[in-house]
Each structure stands twice: as C-alpha cells, then as structure tokens.
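Heavy atoms only: backbone and side chains are in, while hydrogens, waters and symmetry mates are out. A quick note: this is a predicted structure, and the numbers were derived from the prediction, not measured. Naming: A, B, ... by sequence-line order, numbering from 1 per chain.
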Amino acid sequence: MKRFFPKRIFLDPEVRDERLTRRVLARCPGVPVEAPDGASWPDDLERGKGTLRIARNRGEFVKPCPATPRYLCCNYRILDFCGHCAMDCTYCVLQSYLSSPVPTLYANLDRALERLRAFFRENPRGRFRIGTGEFTDSLVLEHLTGYHAEIIPFFRDEPRAVLEVKTKTDNVDGLLCVDPGGKVITAWSLNPPGVIRTEEFRVATLAERLAAARRCQEAGYLTAFHFDPLIRHPGWEEAYRDVVRLLFETVDPDRVAYISLGCLRFMPALKPVVEERFPHTRILYEEFIRGEDGKMRYLKPLRVEMYRRMVSWIRERAPKAVLYFCMERPDVWERVLGFAPADREALNERLVAGWERAAGLGRATGRQAPGP
Amino acid sequence: MSLCFTSFITDPVPRPAALDAIDAEDDLYRTSYAFDTARLRDSIRFSGLLHPVLLQESPGGRLRVAAGYRRYRVCRELGWKTVPAIFATAAEPEPLYRAVLLENLSHRPFNPVEIFLALDRLRAWVPEKELVRDWLPRLGLDPSPKLLVSLLGVRELAEEARQALAAGALNIGDIPLLLRWPVPEQAVVFRLFRDVKMGVNLRREVAANLYEIQKRDGTPPSAFLSGREVSCVTESADLSTPEKAQAVRGIVRRGRYPVLTGLESAFAARVKALRLPPCITVQHPPFFEGREYRCTFTFQNGKEFQSCVERIRDIRHEAVFPEEDLP
C-alpha cells in the first residue's frame, strides 16, 4: 500500500513546537506548510483529503462512542487524536459527520495522555477498551506521526485498559518494534477484494491487511477483525466466505480477541454526499429502511440472513471466536446468536473477556466471555 | 446601468417594417416559450396593433425582434405584410435584453421554461451569485442556488417534458427527477407521469424508485416499465386514473423493495384471514424493524366494546402469527 504523504500541511501556529508537529514536518520534507486560514484551504473533500492540518484538540480527548438509541453499543471509548481520514471509502460516515474536509491531527499529545490519566482517575471501576479508529483510520498517518508507538507504553502500564488500533492499512512497521505487553489490539476492517476495489480507496488490499495482521500477531499483538460494514452485493455470500477462509488461513484464531459484524448503515444525510462523490457506487440501493435510530439500515431479515451466514462461516474455522454485533438490536442478537447482552456494560465485559482469553489472561483468571 | 428604453430607441415614431425582413429564428431577445396566442390574435384581428414591435438590425443586415415577438407572430399568422415598428440600436445586447426582460416581467408571469431561457441568457453576462440574489426574486422565485441549478437543468430536458413544464403539468421540482436520465428515458418516465396523472409526491417517489432500480440492477425505466404488469394497469378500462397511479406506484415499489413488500403482503394476508371487523386493526412495526406489533380496536358504546372483545377472544387460538414468521 502506498503511504500517505500530504501535498500541503496546514499548521496552527500554537502547535508549531509540539514534538509531534516537529516529527511530522521532519518526515514530510519539501511539503509546503502554511497557516490554515490561507487562500489554499480546501473547501471540498476531493482536495481536502490530499492535505493535513496539524492543530490543537481544544475539546475532550476521551469520548464515549456516539451510539444511538435502541441499538446495542459495545461501550467503546474513543481517544480522539485525529479528525477525518486520508483514505476515501464511499460509505464513510465522516463525509457528512465532520464539517472540515481536511484530516486534522491533534498534536497536543501530552494533553491526550494527561486526559487519559484523568479518565482513569475519574472512572475508578471497570475495564475499558479505548480505540483511536473512530473518527479516522488509526494507522494511516502512523509513518508520519509515530503516535501509537508513543502511546502504547501508557496502555502497557494501565491495568484496566486495552488500546484498540483500527485500520484498513498495512502501516504497522512502527508498531512492530514496540512491546505491546498484551495490551494492544490491532484491528482490521475487512471486506472482499471486489468491495475494496469499488468502495474503498487509498487503502491496503485484503491480502496486505491480513499479512499485516499476521506480522502483528507474531510481534505479540492481539488482533481483532471488523466485518463492518457488511455490504450486500451480487455474490456477497461467496465473497465474504472467502474472506473468512483467507482470514483464518493467515492468522492464529487463538490470538484474535474478538470479531465484530455490522451491516452497512448511514444517516440519511450521507446519501446525497455519496451519490455526488461516488456516482458509480451501487451500495446505497439495496433494501434500506429507516431504523429506530433514524439511520438507514438493511431490512432486518436481510441483516439477520447476513449475520447468520457470517457467524456460521466464522464458527466453522474459529469455534471459540468472540463475536459481537456493532450497533444492533437485541432481538437480532437473539435470532442470530441465541442470546443478547443485557446492556452495553455486559457487552463490554464480553469483549474484555475475549481480549483476556486471547492474551492468555483469561485462563489465569478463569474468565470466560459471557454468552455462547 | 440605465435600463431606459429611450436610450436604445433611435426614432420613437412607428413606421412599417416588412415582415419578410424579420428573421423569425433570431431569438437573441426572445423571452416567450409555448405561449397561447388565441386571445392576442382576436385582439389584433378586431382592434389592430396598439403597441408597435421593437426591432433591431442584426449584424447580418436582417431585422430581429427585440420586443413584441408574440405580436409579430400573430401579425404574420394573420397574413400581414408589414408590422408597425420602432427601432432600437444597442452596441451590446445585454442592456437591451435586461430592459426587454424587465418590461415583460412587469405585465405577465413567466412559465418555468421562460424563466430558464431568461436565466440561461443572463448567465452570459451576470455572475451566478447575482443571478440567485437578484434575478430569481425578479422572476418570482426564492433566491436559492439549488433552484438555479434545477432551472438551468431545463437545457437537458426532453422536449415533451419542457412543454409539460411550460403548461404547468410538471413543476420545477420535477426537473432534477427527470434529469437523472438521458432524454429518451426522461421521455418514458414523463409519459408515465402524464398518462396516469401522478401527483407531485407520487412522481417524486416513483422517479426515485425507478432511478434506484436502475442503479441497483442496471434496468432503465424503459425496460422496467415495458413489462406486462405495467401495461395491464395503464391500459386497463376498469381502473380510474388515480387507481392506475397507485397501482403503478405499487409495481415500482415492489421492484425497488421486493423483500419489504413481500413481508407487507404476507402480513396483510394473515390479517385478512382473520376476517376482523373494521373496528379491529392489526399493524406491524414500521418496516418490521421494531418488535411492537399492534392490535387496536375502537368502539362507540358498550355493545361495540363487547363485540370487539368477543371477536378477539374467538381468534385467540388461531395460530395466525407464528413467532418464527414474524421478522
């Protein structure tokens, strides 16, 4: 996969001396640097995605996942280190969710670590999965920022948290020399090669992602996989079955903390944006209905059908895999898996147990992932 | 910029101009489209021409109509050889066009195609912002950039649809619906709208579903609508026009949402099999997404209440909604 290098960097003067800023600038020699209020500030995603802004995060660094009512959230926490993504997926919700078209790296890393410490002080109970891949791809800038390599030691020393690094890249070289101490889950979003070709741009191929996952496992990282979004398309069954086969031919199922499944969904406002930016795509025209949270989703029987197939294929190859649905209804859980977690805390516990099992901690503590 | 006609008019005294010398195809200043001249013809035939037409000599030496194109057309239709005219000169067409346009707007409403023609002409001289801010309100519309885009889309519209737009059978909101397709497909969709007299909301829904069927399956409207199911409806002697419109809507919706409409039909069939009186209704959750199915009954007195309760009690053992069948 070709690494991302911005054509232009917009630098907020107040973060000029941050070490993250200096590192990025040193790794982007020759790239024009200017203030973000200049005439060349892009006003659309086409131009914005080729650039990078380096700024201060003035808001909260640690946030709950923006869940929606009536659909079960996994209680994921977000470390908001970058807004927007240099990659370009047709279905990306960030296209209508974020107002700025420019990927924005928050350079005040020490403040992020400070807020993480505060978060654990303020939440003295519970265990947390904290991820960086909600408002961007976790690793798309890693070769420029070394961000995760720098925060991994923090998580290694924090007993109540695991860091999840979610990506569609194979940009893991910077991680491999850092000891994760069983506290880092590198996670990949997976789709069949045909879907990647038509719907995901500037990303790693499926083979590259799986190879990177294997390298991470070999370096001591736990892994997770997200079949999210699952996209209905002609031949989807064979295509996804093949992905599952390739996945477990490449990685060790015992080092997989959990696997999520989530069918394509989006706020209605996204549709005109996608239609304009990606007129070739057909993914918006399956049988979508407006869900009880206002998001467009596949009709429930279609979702159940996809999940049942996926679960059976995964179970064939990884019977012990901890599976969960991202933002699904409890009755869908019941229909597909035969049970539903009582609430988001219960689901989080299930996933934490999956992490502990994969890290070899579960056997020591006797913990099992709740549910079948 | 002065828009005073007197600044363009060389001689305010009308004189006859030969109709043969006027280039009927020269539409530089024309603002009219698809007009009805019946009343104007009556007026000119019986009363003569009160207002002379405004002509300008074109670079080719022929005459072009700057104002009064409809009057000129009627005079020609009535067999006149000459028409009373005054003459204008203008180094650049823009000021005279603006003057002519404003004069027209002062005494008649423009149909959407005429609005398009005006905007399209002005676009050569006026920045888009000014078109939206100043000219859309002058043309009786909201100053909306989106509206401007819709109106300029008339350029790509099938001629049949243009005529329907001018006649009020379509409205401006229909333009982007039809522009999703090339002209031959637009014509197919437009004819469907026209033949079953679909209302605005129905047109919007049917066009969206036809477009999405094409995007999903690659089936253009001409292919989808050529099916026997559609022709049975449109050619039916038993259905009223509103019934035809609803039936076509149903066919297109089934094409777009085959699974959802299948669930709806199956559910409706199960409810129908209960033979419930009208005071008892059974509803599924919206789109079968939630889990709350609903049975309601209404009554106006104790007797009706008793009757509803007994009917519900009668059906309590009928396995009409087996759990595994409910989505």
Closer than 4.0 angstrom, basic N to acidic O: yes or no for B:E212 and A:K271?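 A salt bridge links B:E212 with A:K271.
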Checking B:V233 now: which residues fulfil side-chain contact (heavy atoms from CB on, under 4.5 Å) with it, not counting sequence neighbours?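 Once residues adjacent in sequence are excluded, the partners of B:V233 under the side-chain contact (heavy atoms from CB on, under 4.5 Å) criterion are B:L239, B:K244, B:A247, B:V248, B:I251.
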Run B:E160 and B:R191 through salt bridge (charged side-chain N to carboxylate O under 4.0 Å, His left out) and show every step you take. CA-CA 9 Å; B:E160 281 174 280; B:R191 281 179 215 134; 2.9 Å; yes
My understanding is that only one of A:W236, A:Y307, A:Y298 makes a side-chain contact (heavy atoms from CB on, under 4.5 Å) with A:L230; could you say which?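 For A:L230, the side-chain contact (heavy atoms from CB on, under 4.5 Å) test succeeds with only one of A:W236, A:Y307, A:Y298, which is A:Y307.
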Could you tell me which portion of B:P286 (side chain, backbone, both or neither) has an atom closer than 4.5 angstrom to a non-hydrogen atom of chain A?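 Contact with chain A involves no heavy atom of B:P286 at all.
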Test item: B:R275 side-chain N/O and B:A273 main-chain N/O as donor-acceptor pair under 3.5 Å: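 Yes: the side chain of B:R275 pairs with the backbone of B:A273.
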Heavy-atom check, side chain of A:Y91 versus side chain of A:E199, under 4.5 Å: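 Counting from C-beta outward, A:Y91 and A:E199 do come under 4.5 Å.
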Taking side chain as everything from C-beta outward and backbone as N, CA, C, O, which of these in A:R70 sits under 4.5 Å from a heavy atom of chain B? Side chain, backbone, both or neither.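 Neither part.
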Checking A:I283 against chain B: side chain, backbone, both or neither under 4.5 Å from a heavy atom?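 Neither part; nothing is under 4.5 Å.
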How are the rings of B:Y293 and B:F267 set to each other: parallel, tilted or perpendicular (split at 30° and 60°)?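 It falls in the tilted class, 30° to 60°.
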Could you go through the side chain to side chain contact (heavy atoms under 4.5 Å, CB included) check for B:H284 and B:V271 one step at a time? CA-CA 10 Å; B:H284 59 76; B:V271 173; over 6 Å; no
Residues from residues 37-51 of chain A approaching chain B under 4.5 Å (heavy atoms):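 Counting heavy atoms that sit under 4.5 Å from chain B, no residue of residues 37-51 of chain A is involved.
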Looking at A:H233, A:E287, A:R282, which one has more heavy-atom pairs under 4.5 Å with chain B than the rest?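 Between A:H233, A:E287, A:R282, the count favours A:E287.
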